[in-house]
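Data first, discussion second: the structure below is written as C-alpha cells.
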Amino acid sequence: MAIRINVNGVIGTETDRLISPLDHGFVFGASVYETVRTYHGRPFLLDRHIARLRRSAAALAIGVGPTDREFERNVLDTMAAADNPESYIRLVVSAGPGDLDYRVGASPRATTVIIVKPLPLVPDATYEKGIKISLVDVVRNHPQSVSPLIKASSLLNNILAMRQAHSRGGDEAVMLNHKGEVAEGAQTNVFVVREGLVATPALACGILEGITRELTLGLAAELEHEVAETTLFPDQLLTADEVFLTSTTREILPVVAIDDATVGSGSPGPVTLRLLQAYRARVKTLLSL
Ligand SMILES: Cc1ncc(COP(=O)(O)O)c(C=O)c1O
C-alpha cells in the first residue's frame, strides 16, 4: 500500500519537494481539485471529473496543461507506481509559481498534481447503520463570493463546517446558504425522500454539481420516483422520511440522525437502500465489470 504523487508528469512520493513555495496554489489558495475513486482498479468516471476540473480551473483563469489523454495516462501511470488494490485519486491543478501578483498571467504555468493513495473504504456497517450529520451554522460560500460550483482546493469553508460537526458528534456537516436554505454537505450533496419524492437542492442554491448527485437523480427517475431539484429548508430535512448523502467516495450514504433529531424510523430507509443498490449496479455497467 503506497502513496505516489505525480507533479507535472514526474512521479515521486510525499517527501519529494517538487512544488515551489511561490506556487499561487500555496500562497493564494488558487487551486482546484477532483476526487476520483477506482472500482476493481479502474478509475470511475475519470472523464467527467477531468471535465469538471477544467470548468473549475477556467473560472479562475488557470490553464490546465495536459490534454485529457495525457491526464488519463498520467493517472494510470501513477496508479501503476502506487500499486494499490483500490485507489483514492486526487487531481489538483494550481495556478503555478509566479510573482506575488493577482493579475492573470502572473503565474504562467499551472502545476498539475495527481495524488494516488489506498482508497479508504466506507465499512459495510456504516451503510447498514447510517450516519449522524450536523446542521451547522457555518454558512456555505455565497455564490457571488467563491462559487461552490468551483471545486476549489481552498476548503476553509468546508473545514470550519466539518470541525463544528465533529464537535457535535456528526460525521458530516450540512450547511445552509446565505438565505437559510439547505445547500450541501462539506464533502457531499444532500437528498431527502418524502412520500416517494426524491428531492435535492437545486444548483441555484449554491452547491457543487456533484457527479454522484447527477447519477442518483437519473437512477431515482429510472426507479419511477418523482424527482425534484428544488429549494429545501431545514425543517424539510428534519421531517423527511429519509435523508441521504452522495459523493464519489461515499456513494449513497443513509443519514439516520441530524444532531439530536432522528430521521424517519432511525434506520436507513428503503428508497435510500434501493438507490444504493442501483448505484452499485450502474457502476458495474459503466465500467463493464
Ligand atoms: C462540497 C462538496 N459537495 C459535493 C460533493 C460530491 O461531489 P461528487 O459526487 O462529484 O464526488 C463533494 C465532493 O467532494 C464536495 O466537496
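Ligands are counted one by one from 1 in listed order, and the atoms in each one are counted from 1 as well.
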query: Which protein residues have a heavy atom closer than 4.0 Å to any atom of ligand 1, listed by chain and number?
result: Y33, R52, R140, K151, N158, E184, G185, A186, Q187, T188, N189, L208, G210, I211, T212, T246, S247, T248

field: Name of the residue among E251, E184, E229 meeting salt bridge (Lys or Arg N to Asp or Glu O under 4.0 Å) with R213
entry: E229

query: For residues R194 and T239, is any side-chain donor paired with an opposing acceptor at under 3.5 Å?
result: yes

Plane angle bin for Y102 and F28 - parallel if under 30°, tilted between 30 and 60°, otherwise perpendicular: perpendicular

- request: Using the six-membered ring of Y88, assess whether NZ or CZ of R90 lies under 6.0 Å from its centre and within 45 degrees of the ring axis.
  value: no

- prompt: Pick from M79, H49, E34: which one makes a side chain to side chain contact (heavy atoms under 4.5 Å, CB included) with I89?
  reply: M79

field: side chain to side chain donor-acceptor pair (under 3.5 Å) partners of residues 71-82, not counting sequence neighbours, each pair once
entry: N6-T78, R73-D77

